[in-house]
Q: 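To start, I am sharing the structure in question, which I have written as structure tokens.
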Amino acid sequence: MKKNKIKKILAASLCIIIALAFSACGSGDSNQSENKGSEKEKSEAALVITGYNDDKTEFSLEDIEKMGTETYIFSGRDKKAENERQIQEFKGVPLKEVLEAAGYGKAGEIMKVICSDGYSREYEIDDLFGLYAFADEEDTEGTTIDPILAIEEKDGKKIIRLVYGQEDYDSPETKDFNMQGWASWIEKIEVGNE
């Protein structure tokens, strides 16, 4: 008799668990996910900027491009090109403009970039300004250039990349390997105070 009672309790419990599982899976009507535009937009954000105020600003690639992309020329060095100075063009938006649109960009702030490939790095934002782009290997004067968030196409997909200039000491003898810090596949920027 006890076995029958236990079986009935187990069967009833199993029915309740199954009913709860189905109700959780099927809650709402079939159009509910389409009506939640804000959730859809969140998943389509190309860049999320958060900060010390616990604010969160999301930008799509289109939002960033609407800020006005321009073509900029940067110089840089990395070990892949045998330490030679490389001159490259990038299309993008000034970093300062994007940070200000999110409510940041004041003196003394630091930012941490987080990339989809797992790379992350902290930068003192002020240190990214006042750097130079050099015209060629012989150029010792350079032109001051501000950092940008470049929009590039990699593997058939548009990505966001941080690009910034070189220190004024860069020369064939005293090399500034700035390209090693150009973060690619950026998805998130966390801004804070020093």
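All values below come from the heavy atoms of this structure, side chains included, with hydrogens, waters and symmetry mates left out.
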Q: Return yes if some donor-acceptor pair links the side-chain N/O of D63 with the main-chain N/O of F59 below 3.5 Å, else return no.
A: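 Side chain of D63 to backbone of F59: no pair is present.
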
Q: Do D146 and P94 come close enough that some side-chain heavy atom pair is under 4.5 Å?
A: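 A side-chain contact under 4.5 Å is absent here.
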
Q: Would a 4.5 Å heavy-atom cut-off, applied to side chains only, mark I160 and L61 as touching?
A: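 Counting from C-beta outward, I160 and L61 do come under 4.5 Å.
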
Q: Same hydrophobic cluster for V113 and F177, using side-chain heavy-atom links shorter than 4.5 Å among ILVMFWY?
A: no

Q: So, are E62 and K66 salt-bridged, with charged N and O less than 4.0 Å apart?
A: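 K66 and E62: salt-bridged.
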
Q: Relative to Y123, does K112 satisfy both conditions: NZ or CZ under 6.0 angstrom from the six-membered ring centre, and within 45 degrees of the ring's axis?
A: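 No, K112 does not lie over the aromatic ring of Y123.
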
Q: side-chain contact (heavy atoms from CB on, under 4.5 Å) for M111 and I49? Distances and angles first, verdict last.
A: CA-CA 10 Å; M111 71 175 191; I49 300 179; over 6 Å; no

Q: Shortest non-hydrogen contact from G181 to R121?
A: CA-NH1, 2.9 Å

Q: How far apart are the C-alpha atoms of I145 and I73, what are their side-chain angles, what is the distance that settles it, and do they pass the side-chain contact (heavy atoms from CB on, under 4.5 Å) test?
A: CA-CA 9 Å; I145 190 156; I73 297 174; 5.9 Å; no

Q: Kindly list each side-chain donor-acceptor pair under 3.5 angstrom involving residues 182-191, sequence neighbours excluded, with atom names and distances?
A:
unit_1	atom_1	unit_2	atom_2	d
W182	NE1	Y164	O	3.0
S184	OG	R161	NE	3.1

Q: What are the two closest heavy atoms between F134 and I87, and how far apart are they?
A: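 For F134 versus I87, the nearest heavy atoms are O-CD1, 3.0 Å.
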
Q: For residues K91 and E152, determine if any side-chain heavy atom of one lies less than 4.5 Å from a side-chain heavy atom of the other.
A: no

Q: Side-chain contact test, heavy atoms from C-beta onward, threshold under 4.5 Å: evaluate it for Q86 versus S75 and give yes or no.
A: no

Q: Between I159 and L162, is there shared hydrophobic-cluster membership here, with clusters defined by ILVMFWY side-chain heavy atoms closer than 4.5 Å?
A: no

Q: Are Y72 and Y132 connected, step by step, through hydrophobic side chains (Ile, Leu, Val, Met, Phe, Trp, Tyr) whose heavy atoms are closer than 4.5 Å?
A: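 Result: no, two separate clusters.
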
Q: Report the C-alpha distance between L131 and T144 in whole Å, list the side-chain angles of each, state the deciding distance to 0.1 Å, and finish with yes or no for side-chain contact (heavy atoms from CB on, under 4.5 Å).
A: CA-CA 6 Å; L131 300 176; T144 306; over 6 Å; no

Q: Check this for me: does any side-chain nitrogen of one of D136 and R85 sit under 4.0 Å from a carboxylate oxygen of the other?
A: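 A salt bridge is absent here (no side-chain N lies under 4.0 Å from a carboxylate O).
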
Q: Specify the closest pair of heavy atoms between F90 and A150, including all atoms of both residues, with the distance to one decimal.
A: CB-CB, 4.0 Å

Q: Before you tell me yes or no, could you show the steps for E65 and K158 under salt bridge (charged side-chain N to carboxylate O under 4.0 Å, His left out), namely the whole-Å CA-CA distance, both residues' side-chain angles and the distance that decides it to 0.1 Å?
A: CA-CA 11 Å; E65 289 172 334; K158 284 188 177 182; 3.0 Å; yes

Q: Looking at CG of D78 and NZ of K175, how far apart are the two atoms once the value is rounded to the nearest 0.5 Å?
A: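 The CG atom of D78 sits 12.5 Å away from the NZ atom of K175.
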
Q: What are the two closest heavy atoms between M67 and A101, and how far apart are they?
A: CE-CB, 3.8 Å

Q: About how many Å separate CD of E89 and OG1 of T71, when rounded to the nearest 0.5 Å?
A: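 Here the rounded value is 6.0 Å.
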
Q: Taking atom NZ of K96 as the centre, report whether more than 12 heavy atoms of other residues, nucleotides or ligands fall under 6.0 Å from it.
A: no

Q: Is E153 atom CD crowded by more than 12 heavy atoms from other residues, nucleotides or ligands, each under 6.0 Å away?
A: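 Enclosed.
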
Q: Any chance you could lay out the salt bridge (charged side-chain N to carboxylate O under 4.0 Å, His left out) test for R77 and D176, step after step, and finish with the verdict?
A: CA-CA 7 Å; R77 293 183 196 272; D176 176 17; over 6 Å; no

Q: Between E58 and K56, is the salt bridge (charged side-chain N to carboxylate O under 4.0 Å, His left out) condition met? List the steps.
A: CA-CA 7 Å; E58 297 180 345; K56 179 178 176 181; 3.7 Å; yes

Q: Donor-acceptor pair, T174 side chain versus Y169 backbone, under 3.5 Å?
A: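 It does hold such a pair.
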
Q: Side chains of M179 and V163: closer than 4.5 Å at any heavy-atom pair?
A: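 M179 vs V163: side chains apart.
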
Q: Answer yes if L99 and I151 sit in the same cluster of Ile, Leu, Val, Met, Phe, Trp and Tyr residues linked by side chain heavy atoms under 4.5 Å apart, and no otherwise.
A: yes

Q: Quick check: closest heavy atoms across E137 and P172, and the distance to 0.1 Å?
A: OE2-CG, 3.2 Å

Q: Mind checking whether L95 and L128 have side chains closer than 4.5 Å, heavy atoms only?
A: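 Yes, side chains in contact.
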
Q: Take I64 and L47 through the test side-chain contact (heavy atoms from CB on, under 4.5 Å) and record every step on the way to the result.
A: CA-CA 9 Å; I64 296 170; L47 177 64; 4.1 Å; yes

Q: Is D126 reaching over with its side chain to a backbone N or O of G108, donor-acceptor style, under 3.5 angstrom?
A: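 Yes, the answer is positive, given that a donor and an acceptor are paired below the 3.5 Å cut-off.
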
Q: State, to 0.1 Å, how close K106 and E109 come at their nearest heavy-atom pair, and which atoms those are.
A: N-OE1, 2.9 Å

